[in-house]
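Convention: sequence-line order gives letters A, B, ...; per-chain numbering from 1. Both backbone and side-chain heavy atoms feed into the values below; hydrogens, waters and symmetry mates do not.
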Number of protein chains: 2
Amino acid sequence: MTNPTQITAEPGRPFVDIVREFDAPVDAVFRAHTDPDLFARWTGPAQLTMEILAFDAVTGGQWQYVSRDPAGGRYGFRGVFHTVETDALIIQTFEYDGAPGEVSLGVARFEATDRGTRITTRSVFPSIEARDGMIASGMEHGATESYTRLDEVLTAVRL
Amino acid sequence: MTNPTQITAEPGRPFVDIVREFDAPVDAVFRAHTDPDLFARWTGPAQLTMEILAFDAVTGGQWQYVSRDPAGGRYGFRGVFHTVETDALIIQTFEYDGAPGEVSLGVARFEATDRGTRITTRSVFPSIEARDGMIASGMEHGATESYTRLDEVLTAVRL
């Protein structure tokens, strides 16, 4: 049983807001976002394999990974970390190589709650069309699936 | 006599779009955006002095500067370069230390025209309120003034 993933995408605005709670302490949830080995275990669809090419999760660092599907499809992603504040805040850019030059900004805030951790994210897209395209491509399902996988990683890490 | 600075900021959207032409070749205009000594000569209000602390204008590089007014006021800015493509494209983040955590994304495209260079920029703010605040703080006047100063730098560089 997992916690709900609340996703808000108002019409006519280039934002996607997601709120999700985790039954794990902030430091573990944050570490799953900044440790490349942990990050690769939960981000993206389960049937894709992720190869991390760079992942320097500090302010000013860069990240890059490639996801591959069983049919041989290859999806590249890269960005830079504008801010990484331990157990509190990650602000980073995001670009998919299938849409070059269309860069979004992601803000993720981490806070302790009675039950564990709440993550509040906002993705800011460079146009309404880019936001709508990301929604149409299945961002909602993808986020929910990734966070379900993150639950599993957090359980495994605590073992 | 300078070219007009076209600024568009639609209500209810977190974007500011600026288009400006320059009577100078693309490589000169681009260099004025990536050479820290040139950049410091035209960015921001004329009565402020800029001290550049970092300016690594390459993909993945960081930038940081401090502007000071005659009364002793200090305004710090920093960000990262997501993309720097010579004579074509700069995508970077932007944060003012008076509004920590409120990060915008700037996209600047450079193209050659019959008369010189056209720059088309989009600033993407993390909320409508952040965009409206930037407009209220005088972004329109600031952009126009900076680009007038850039005209002067471009004339001087060609001497």
Practice task
Could you walk me through whether B:L105 and B:F125 pass side-chain contact (heavy atoms from CB on, under 4.5 Å), step by step?
Solution key: CA-CA 7 Å; B:L105 188 81; B:F125 292 86; over 6 Å; no

Practice task
Identify which part of A:V107 has an atom lying under 4.5 Å from any heavy atom of chain B, answering side chain, backbone, both or neither.
Solution key: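 Neither the backbone nor the side chain of A:V107 comes within 4.5 Å of chain B.
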
Exercise for the section: Pick one of side chain, backbone, both or neither for A:S123, based on which atoms fall under 4.5 Å of a heavy atom in chain B. Expected result: neither

Practice task
Please say whether the positively charged group of B:R149, taken as NZ for Lys or CZ for Arg, lies over the ring of B:Y147, i.e. under 6.0 angstrom from the six-membered ring centre and within 45 degrees of the axis.
Solution key: no

Practice task
Check the pair A:R13, A:D132 against salt bridge (charged side-chain N to carboxylate O under 4.0 Å, His left out), reporting the backbone distance first and the verdict last.
Solution key: CA-CA 9 Å; A:R13 301 206 164 185; A:D132 290 347; over 6 Å; no

Handout entry: Sidechain N-carboxylate O distance under 4.0 Å for A:R31, A:D37
Key =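 No, this pair does not count.
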
Problem - Options B:R122, B:Q62, B:H82, B:R78, ranked by heavy-atom pairs under 4.5 Å with chain A, top entry - result: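 Max contact count across the listed options: B:H82.
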
